Amino acid sequence: MKVVFKGKAAEFEEANGFVVAKKFEPETYKKFVAFVQNGVQHDLSEKVEEGEIEFIDISSREGFEILNHSSSHLMAQAIKHLYPQAKFGFGPAIEEGFYYDVDFGDQVLTDKDFAEIEAEMKKLSKAAIPFKRKNLSKEEAFEMFKDNEYKVERISELDGNISCYEQGDFVDLCRGPHVPNTSYIKYFKLLSLAGAYWRGDSKNKQLTRIYGTSRASEEELKEYLELVERRKLNDHRRLGKELGLFMLSDYAQGMPFFLPNGQIVMNELINYWREIHARENYLEIMTPTMMSKELWETSGHWAHYQDSMYTTEIDEKEYAIKPMNCPGAILAYKSDLHSYKELPLRLAELGHVHRYEASGALNGLFRVRAFTQDDAHIFVRLDQVEDEVKRIMALFDEVYDVFGLSYKIVLSTRPEDHIGEENFWDLSEKALAKACESSGHEFSINEGDGAFYGPKLDFKLKDANGRTWQCGTIQLDVNLPHRFECSYIDEHGEKVEPVMLHRVVFGSIERFIGILIEHFGGNFPTWLAPVQVCLLPVNNEAHLEYAKEVEKELKELGIRVKIDDSNEKLGYRLRAASVKKVPFTLVLGDKEKENRGVTYRKLGSAEQIPVSLDEFKVLIKDIIKNKVR
RNA sequence: GCCGCUUUAGCUCAGUUGGUAGAGCAGCUGAUUUGUAAUCAGCCGGUCGCAAGUUCGAGUCUUGUGAGCGGCACCA
């Protein structure tokens, strides 16, 4: 086991951020005295005892980051050797590895160049070049990096002493820490290439970002690369194709087609959604897909959202296809007078919206141009906001729990381009934070990421690759009700403006289905499975009739059942059912026919369970009703 | 939109230095009538994303363009 020692003592930091014990046993670390520091042996036992130095397992998260950060430096050194004109931007460790942003000038790099860079890195690794920390004054730093405008820009933002790390002929501006020398970086791989704007601003030059990953052992690297491969198996785009769930067509870029199997999943989700929303006293409405320009001008979308809207002309009048359902819901609200006694008034809508998303942003079902929001607009009095938000969060918890999904909450605050008065924003942001706090939901804050009309709580779920996608959201909005002059009559007979909450649980049903496909790896719980039961007559001549009888009885219970009477051996048909991820496979032969039984197998299990048909009916009804996962 | 890559049969993929396309699976047909993860045989199936160009000749090379993938920006 390799252990990195992190120095806390100032003089130690100055010498080098890190030293590493070569053969470390945790129980005996106090006895451990010899360290490699810049290639020199030092006795640091005293510093260990005094707690000035802490040890870090290179396989720990912190060790991982140090290793990968050092790897990005090593890669930069190798690149500098091969491409002397290269200028470097930022090169940090990230979740699963590291990257470095490089300006190669006019040269175009492709992933075919990785082999050469990796070979050079290996060479440098073998040389065991020590990482040496140096502290520079600002002037010295400017002088040292004067040929690199990116580093110069960064240095100009720093105060006081500026540290850099030197390994052989390569120096980089860096806070550290690093592994002691390049030989610690042995098990790495360059993974991909991407354009990335300098400092994340699309107005700036695009640099070449090279992603890689570095591990403490060959085994860990292999494991990681296998994990990357395994993730592909759960990719919803692949499973969606294999299981006949959805498709995409060049004729409608970014607008998914739901195929029969996928439509079943969607319909089941919608049934469930309607059920719980009826219970929670939501009233369902449906509003038009296209509405005229004036409406969007009133709502502010025309001014703040036009780039994302599809428009058309009807009878010489401009229309927009709705990118959101809110204005429609507001018109529905305004169709009648409302008493304070009616509030909270919850108008739900499964709204199919269209948004012109950048072509490069599109991604399977996760990022599309046409999708269905399981929307609701809730009109409340100001004093009802906190309770209602808590109530919505409880509903979210209930729903996500059914699928076994976990989420992270992010509070997004006012963006630069927002409408309405600042004090409303102050109040709204506080109200959302308070609702989270008082209901025991943890959240982080994303400054400036709110909607133009109000702040929001976003519920983010992870896909198979660990990327997060916003699904549920709760948005607080005083602006749209004001712009549309919404009102209710309070207990004194006065007209008062209500507050509006926008909220979606699934978010986009399409995206949510994508998440579910990956979450379950295509093995949907029985209540969602396109085909729930597959019937396999052992012999078509002798058992098909009984299979049809079983089919009829199960169908009467509303179960989605299919007979596989193809002329294949049982083994083949079992495998076929398993490939199609059917939750229950029932084998029907002489034994079963004789005593009105079935022998069932659950997906993923080889266990054969004989029961009577009546018992099976009770069992599967129960599993479906309870949404057993 | 930007950077890089990919694009060949319904699906997954081969196609060597340019000489007008192959496999497995799926599908269809026949034989087999099967008791727990692939029975055998035959057949069908491709303007090689699209459009130009170079060439005697292009799936292979060049340019343009569509779509997809990985990122970046975006996600109001």
Side-chain angles (χ1 to χ4, degrees), chain A residues 94 99 101 104 108-114 191-211 228 232 235 237-238 241-242 244 247-254 300-301 303-309 323-324 355-364 366-368 412 414-419 446 448-454 456 458 465 467 469-470 473 475 507-508 511 536-544 565-579 585-592 599-601 603-608 610:
Chain A
I94 51 174
Y99 69 75
D101 286 343
F104 284 96
V108 175
L109 205 75
T110 79
D111 53 14
K112 289 177 188 67
D113 300 314
F114 284 179
L191 298 171
S192 64
L193 207 64
Y197 300 105
W198 168 241
R199 311 218 86 162
D201 188 335
S202 59
K203 289 192 273 296
N204 290 339
K205 183 169 179 180
Q206 199 164 44
L207 308 181
T208 302
R209 177 170 295 179
I210 303 175
Y211 285 90
V228 170
K232 288 184 190 158
D235 190 304
R237 291 163 297 197
R238 175 200 165 102
K241 208 177 262 181
E242 271 175 19
M247 60 172 260
L248 292 161
S249 161
D250 287 5
Y251 290 105
Q253 196 191 1
H301 287 83
H304 296 269
Y305 203 61
Q306 207 189 142
D307 289 349
S308 300
M309 288 160 74
M324 297 183 195
R355 301 180 184 181
Y356 175 72
E357 301 287 1
S359 60
L362 301 176
N363 183 302
F366 288 153
R367 193 77 183 273
V368 292
S412 296
R414 76 199 79 178
E416 269 176 44
D417 176 30
H418 62 271
I419 57 175
N446 192 355
D449 203 38
F452 71 81
Y453 47 74
K456 54 185 188 153
D458 289 332
N465 286 303
R467 295 182 289 201
W469 298 92
Q470 180 195 314
T473 177
Q475 310 183 353
S508 138
R511 176 181 287 181
L536 306 183
V538 172
N539 175 319
N540 274 336
E541 270 154 41
H543 313 124
L544 186 56
D565 60 353
S566 60
N567 280 345
E568 299 286 352
K569 286 163 88 173
L570 191 59
Y572 179 92
R573 288 177 289 157
L574 274 161
R575 180 176 182 277
S578 160
V579 166
T585 313
L586 271 49
V587 172
L588 308 170
D590 286 338
K591 272 184 291 179
E592 290 78 10
T599 298
Y600 75 86
R601 245 177 89 154
L603 181 59
S605 156
E607 196 187 356
Q608 302 166 37

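Chain naming here is simple, since letters A, B, ... match the order of the sequence lines and numbering starts at 1 in each. Every value quoted in this text rests on a predicted model; they were computed, and no experiment measured them.
Rounded to a whole angstrom, the distance from the P atom of B:U6 to that of B:C74 is 28 Å. On the C1' atoms, B:G10 is 26 Å away from B:A51, given to the nearest whole Å. Taking atom C1' in both B:G64 and B:U54, one finds a spacing of 15 Å when rounded to whole Å. Separation of the C1' atoms belonging to B:C13 and B:C48 is 13 Å when rounded to the nearest angstrom. Separating the P atom of B:C11 from that of B:C5 is a span of 25 Å, rounded to the nearest Å. B:C44 sits 34 Å from B:A52 when the C1' atoms are compared, rounded to a whole Å. Between the C1' atoms of B:U17 and B:G57, the separation comes to 16 Å (whole Å). Rounded to whole Å, the C1' atom of B:U36 lies 27 Å from the corresponding atom of B:G30.
Dashed line: the shortest gap from a side-chain N or O of A:Arg237 to OP1 or OP2 of B:G70 is under 4.0 Å. For B:U32, the OP1/OP2 oxygens have no side-chain nitrogen or oxygen of A:Asn567 closer than 4.0 Å. Within the structure, a side-chain polar atom (N or O) of A:Tyr572 is placed less than 4.0 Å from OP1 or OP2 of B:A26. A:Lys241 has a side-chain polar atom (N or O) that falls below the 4.0 Å cut-off from OP1 or OP2 of B:U12. At B:G70, one or more side-chain N or O atoms of A:Asn363 fall inside 4.0 Å of OP1 or OP2 (strictly under the cut-off). For the pair A:Arg238 and B:C69, the criterion of a side-chain N or O lying under 4.0 Å from OP1 or OP2 is not met. Taking side-chain N and O atoms only, A:Gln206 has no distance below 4.0 Å to OP1 or OP2 of B:G4.
Distance from the side chain of A:Arg467 is smallest to B:G71 among B:G71, B:A73, B:U36. Distance from the side chain of A:Tyr211 is smallest to B:G71 among B:C5, B:G35, B:G71. Considering only side-chain atoms of A:Lys112, the nucleotide from B:C74, B:G71, B:U6 that sits closest is B:U6. Listed nucleotides: B:G71, B:C74, B:A38. Nearest to the side chain of A:Arg575: B:A38. Which of B:G1, B:C5, B:U34 sits closest to the side chain of A:Ala358 comes down to B:G1. Nearest to the side-chain atoms of A:Leu362 among the listed nucleotides B:C72, B:C5, B:G68 stands B:G68.
Atom CD of A:Glu568 and atom P of B:A41 are 13 Å apart (whole Å). Distance A:Lys569 NZ to B:U32 C1': 10 Å, rounded to the nearest Å. Separating the CG atom of A:Asp101 from the C1' atom of B:G70 is a distance of 15 Å, rounded to the nearest angstrom. Rounding to whole angstrom units, CZ of residue A:Phe366 and C1' of B:G70 are separated by 15 Å. Taking atom CZ of A:Arg355 as the reference point, atom P of B:C74 lies 16 Å away to the nearest angstrom. Nucleotide B:A37 holds its P atom 6 Å from the CG atom of A:Leu574, rounded to whole Å. Atom CZ in A:Arg209 sits about 18 Å away from atom P in B:C2, given to the nearest Å. With rounding to whole Å, A:Lys203 atom NZ is found 18 Å from B:C72 atom P.
Of all nucleotides present, none satisfies the Watson-Crick or G-U wobble test against B:U54 with each distance under 3.5 Å. When Watson-Crick and G-U wobble pairs are counted only if both distances are under 3.5 Å, B:C25 pairs with B:G10. Judged by Watson-Crick or G-U wobble contacts below 3.5 Å, the nucleotide B:U65 has B:G49 as its partner. Using the Watson-Crick or G-U wobble rule with both distances under 3.5 Å, B:G30 pairs with B:C40. Using the Watson-Crick or G-U wobble rule with both distances under 3.5 Å, B:C72 pairs with B:G1. In this entry B:U60 has no Watson-Crick or G-U wobble partner, no candidate having both defining distances under 3.5 Å.
A side-chain donor from one of A:Tyr453 and A:Gln475 sits under 3.5 Å from a side-chain acceptor of the other. Looking only at atom types and distance, the side chain of A:Asp458 has a donor-acceptor partner in the side chain of A:Thr473 under 3.5 Å away.
The residue A:Glu607 sits apart from the nucleic acid: no heavy atom pair falls under 4.0 Å. A:Arg601 comes within contact range of at least one nucleobase, with a heavy-atom separation under 4.0 Å. Counting any heavy atom pair closer than 4.0 Å across all strands shown, A:Ala194 reaches a base atom. When heavy atoms are screened at a 4.0 angstrom cut-off, A:Phe452 is found touching the sugar-phosphate backbone but no base atom. Within the 4.0 angstrom heavy-atom criterion, no nucleotide atom of any strand lies near A:Lys232. Contacts of A:Gln253 with the nucleic acid, taken as non-hydrogen atoms under 4.0 Å apart, involve only primed sugar atoms and P, OP1 or OP2. At a threshold of 4.0 angstrom between heavy atoms, the contacts of A:Gly507 with the nucleic acid are absent. The residue A:Val579 sits apart from the nucleic acid: no heavy atom pair falls under 4.0 Å. In this structure, A:Gly360 reaches the bases: a heavy-atom distance under 4.0 Å links it to at least one base atom across the strands shown. Among the protein residues, A:Asp250 comes within range of the sugar-phosphate backbone only, with heavy atoms under 4.0 Å from sugar or phosphate atoms but none that close to a base. When heavy atoms are screened at a 4.0 angstrom cut-off, A:Thr599 is found touching base atoms of the nucleic acid. Looking at heavy-atom distances under 4.0 Å, A:Asp590 makes contact with a base. Here A:Ser308 lies in heavy-atom contact (under 4.0 Å) with a base.
Taking the nucleotide of RNA chain B with the nearest heavy atom to each of A:Ser605 and A:Ser192, the more 5' of the two is matched to A:Ser605. The 5' end of RNA chain B is approached more closely, in terms of each residue's nearest nucleotide, by A:Ser566 than by the other of A:Asn465 and A:Ser566.
Between A:Glu592 and A:Thr599, the closest side-chain pair of non-hydrogen atoms falls below 4.5 Å. Residues A:Arg414 and A:Phe452 have side chains not in contact (no heavy-atom distance under 4.5 Å, counting atoms from C-beta outward). With contacts defined as side-chain heavy-atom distances shorter than 4.5 Å, the pair A:Ser359/A:Gln253 qualifies. A:Leu109 has its side chain within reach of A:Ile210: a pair of non-hydrogen atoms, C-beta onward, lies under 4.5 Å apart.
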Would A:Asp201 and A:Arg199 count as a salt bridge (Lys or Arg N to Asp or Glu O under 4.0 Å) here? Give the steps. CA-CA 6 Å; A:Asp201 188 335; A:Arg199 311 218 86 162; over 6 Å; no
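One finds the OG atom of A:Ser508 at 9.0 Å from the CZ atom of A:Arg355 (value rounded to the nearest 0.5 Å).
Judged by the 6.0 Å distance and 45° axis criteria, A:Arg209 is positioned over the aromatic ring of A:Tyr99.
For A:Arg367 and A:Glu357, the salt-bridge test passes: some basic side-chain N is under 4.0 Å from an acidic carboxylate O.
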